[in-house]
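Reading through the structure tokens given below for one structure.
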Amino acid sequence: MSLLSDLTNLNLSESTEKIIAEYIWIGGSGIDLRSKARTLPGPVDDPSKLPKWTYDGSSCGQASGEDSEVVIYPQAIFKDPFRRGNNILVMCDTYTPSGEPLASNKRDAAAKIFSHPDVVAEEPWYGIEQEYTLMQKDVPWPYGWPSGGFPGPQGPYYCGIGADKAFGRDIVDAHYKACLYAGINISGINAEVMPGQWEFQVGPAVGISAGDEIWVARYLLERITETAGAVLSLDPKPVKGDWNGAGAHTNYSTKSMREEGGYEVIKRAISNLEKKHKEHICAYGEGNERRLTGKHETADINTFKWGVANRGASVRVGRDTEKAGKGYFEDRRPASNMDPYIVTSMIAETTILWKP
């Protein structure tokens, strides 16, 4: 094992200027991540200078076997915490050979919204709270739970400490540091209400970068759980019954909301969100109806309501924002398996571009 470890941790810069670029893309399900690596002649820090690449789309549920080529376009670069040195991770999106975005490519449409002059002027900031559940490798059951049984009821696990409360902290801390190394603006982590469930927060991130950073953070987490022998689940309700689900609460503000008089802008934005509630719910993740029941710190999926400091609301406004008369709000509806490109761009479109 020592030889394998030594080779894995080789510092390539001691013997070559070449680097390894790991190209990452989203597969046909819209939630699965794929990646492969290629050698480049030297360091690159601008995605526009990276070559496009192709892969077999028929093996990713994105093309037929008779016409299987899919082209990946490099869009964002991050440092590689696994290979280190000058090696990089490259977040890509997917296109046909003729240049049309695939149906599973939600980044392309999001980029168009974020490049709209009205959206650019508002400098939308996002802070995304990504909840997830660590699962056992051999059985579909949460990490640390007794085989075929249940731990004690919820209560001591949220931000809990101790071997009987916090399951998988080594994975969580490894992921935290990997994100910081990669250049992701991860702002914190905590254990969640259900044992084996955790959360990391990314942000503030501006515009399209919020989606890029969440996807790469998910990639890092899946790679780390792979090594640790655990399985990452983004299911919004991984265990039936009196257990909390998993969401991706999305904190949001615009320049107008952050300035004097911003609270009125926030209330108008929330009003827009209420008018388009059904459209947002349809785009906020698969299986969300199992999570948004009106229990376990959620609002019922068919009901839109907002409130100050109300964790049972669809949209929550913090007391600090109310007091200051400006700030941000939190959309609590997105599921843990949401596509951040869809959610962030849809919020911007509804609150900035859409005129009811």
Side-chain angles (χ1 to χ4, degrees), residues 24-34 57 59-63 91 93-94 101-110 113 126 128-135 140-143 192-194 196-200 202 210-219 221-222 225 230-241 243-250 252 273 276-304 314-315 330-350:
I24 304 164
W25 69 93
I26 300 161
S29 71
I31 190 66
D32 61 310
L33 284 164
R34 310 288 180 119
S59 296
C60 298
Q62 293 169 299
M91 190 64 209
D93 57 357
T94 51
L102 297 192
S104 55
N105 177 1
K106 306 304 181 184
R107 190 188 192 281
D108 184 75
I113 291 171
Y126 298 90
I128 299 175
E129 305 169 27
Q130 176 67 71
E131 294 179 340
Y132 61 93
T133 308
L134 296 174
M135 306 292 283
W141 206 233
Y143 206 69
E192 268 301 334
V193 177
M194 189 184 85
Q197 186 187 89
W198 295 80
E199 172 185 299
F200 65 88
V202 168
D212 291 336
E213 292 191 25
I214 282 289
W215 275 116
V216 175
R218 287 175 174 177
Y219 169 83
L221 184 53
E222 194 139 24
T225 54
V231 175
L232 169 64
S233 172
L234 295 179
D235 190 307
K237 186 72 173 180
V239 182
K240 295 179 181 178
W243 303 98
N244 273 36
H249 302 156
T250 301
Y252 171 72
L273 290 172
K276 300 192 79 171
H277 175 63
K278 289 184 179 180
E279 290 179 49
H280 280 252
I281 285 295
C282 288
Y284 273 17
E286 293 294 325
N288 212 9
E289 72 282 352
R290 293 182 282 115
R291 168 180 162 262
L292 296 180
T293 61
K295 300 177 181 179
H296 304 113
E297 301 182 27
T298 70
D300 180 82
I301 195 168
N302 296 311
T303 304
F304 184 95
S314 310
V315 171
E330 174 193 42
D331 190 338
R332 297 178 59 81
R333 297 172 295 172
S336 50
N337 60 4
M338 62 84 166
D339 186 326
Y341 295 134
I342 294 176
V343 169
T344 56
S345 62
M346 199 170 193
I347 292 173
E349 185 176 39
T350 297

Gap separating the SG atom of Cys60 from the CG atom of Leu33, nearest 0.5 angstrom: 11.0 Å
Are Ile128 and Thr344 close enough that some pair of their side-chain heavy atoms sits under 4.5 Å apart? yes
Straight-line distance of Leu232 CG to Trp198 CH2, nearest 0.5 Å: 14.0 Å
Using side-chain heavy atoms (C-beta onward) and a distance below 4.5 Å, is Arg333 in contact with Leu273? yes
Measure across Pro238 and Met194 and return the closest heavy-atom pair with its distance rounded to 0.1 Å. CG-CE, 4.0 Å
Under 3.5 Å, is there a donor on one side chain and an acceptor on the other for Asp93 and Tyr341? no
Walk me through whether Glu330 and Glu129 qualify under side chain to side chain contact (heavy atoms under 4.5 Å, CB included). CA-CA 10 Å; Glu330 174 193 42; Glu129 305 169 27; 3.2 Å; yes
Donor-acceptor pair, distance only, cut-off 3.5 Å: does the side chain of Ser314 make one with the backbone of Thr303? yes
Short N-O contact, Arg107 and Asp339, less than 4.0 angstrom: no
Classify the side-chain pair Thr350/His280 by whether it contains a donor and acceptor separated by less than 3.5 Å. yes
Please check if the side chain of Asn337 supplies one atom and the backbone of Gly285 the other of a donor-acceptor pair under 3.5 Å. no
Measure the shortest side-chain to side-chain distance between Tyr284 and Asp331 over non-hydrogen atoms and say whether it is less than 4.5 angstrom. yes
Looking only at heavy atoms, what is the nearest atom pair of Arg332 and Glu297, with distance? NH2-O, 3.2 Å
Do Tyr132 and Ser336 have side chains that get closer than 4.5 Å, going by heavy atoms? no
In terms of relative ring orientation, are Tyr252 and Tyr126 parallel, tilted or perpendicular, with 30° and 60° separating the classes? tilted
Do Phe304 and Val315 make a side-chain contact, defined as non-hydrogen atoms from C-beta onward lying under 4.5 Å apart? yes
Should we count CD of Glu286 as having more than 12 external heavy atoms under 6.0 Å? no
At what distance, to the nearest 0.5 angstrom, does NZ of Lys276 lie from CD1 of Ile347? 12.5 Å
Kindly give the heavy-atom pair with the smallest separation between Glu131 and Gly245, and that separation in Å. OE1-O, 3.7 Å
I want to check something: taking the side chain as every heavy atom from C-beta on, are Asp235 and Arg290 in contact at a cut-off of under 4.5 Å? yes
Is any side-chain heavy atom of Leu221 less than 4.5 Å from a side-chain heavy atom of Gln130? no
Does a side-chain heavy-atom distance below 4.5 Å link Arg218 with Ile31? yes
OG1 of Thr94 to NZ of Lys106, rounded to nearest 0.5 Å, is 9.5 Å
Shortest non-hydrogen pair, Gln62 vs Ser104, comes out as NE2-OG, 2.9 Å
If you compare all heavy atoms of Thr225 against all heavy atoms of Glu222, which two are closest, and at what distance to 0.1 Å? OG1-O, 2.9 Å
Rounded distance [0.5 Å steps], OG1 in Thr298 versus NZ in Lys237: 8.5 Å
Within this structure, what is the CH2-CH2 distance for the pair Trp25 and Trp215, rounded to the nearest 0.5 Å? 13.5 Å
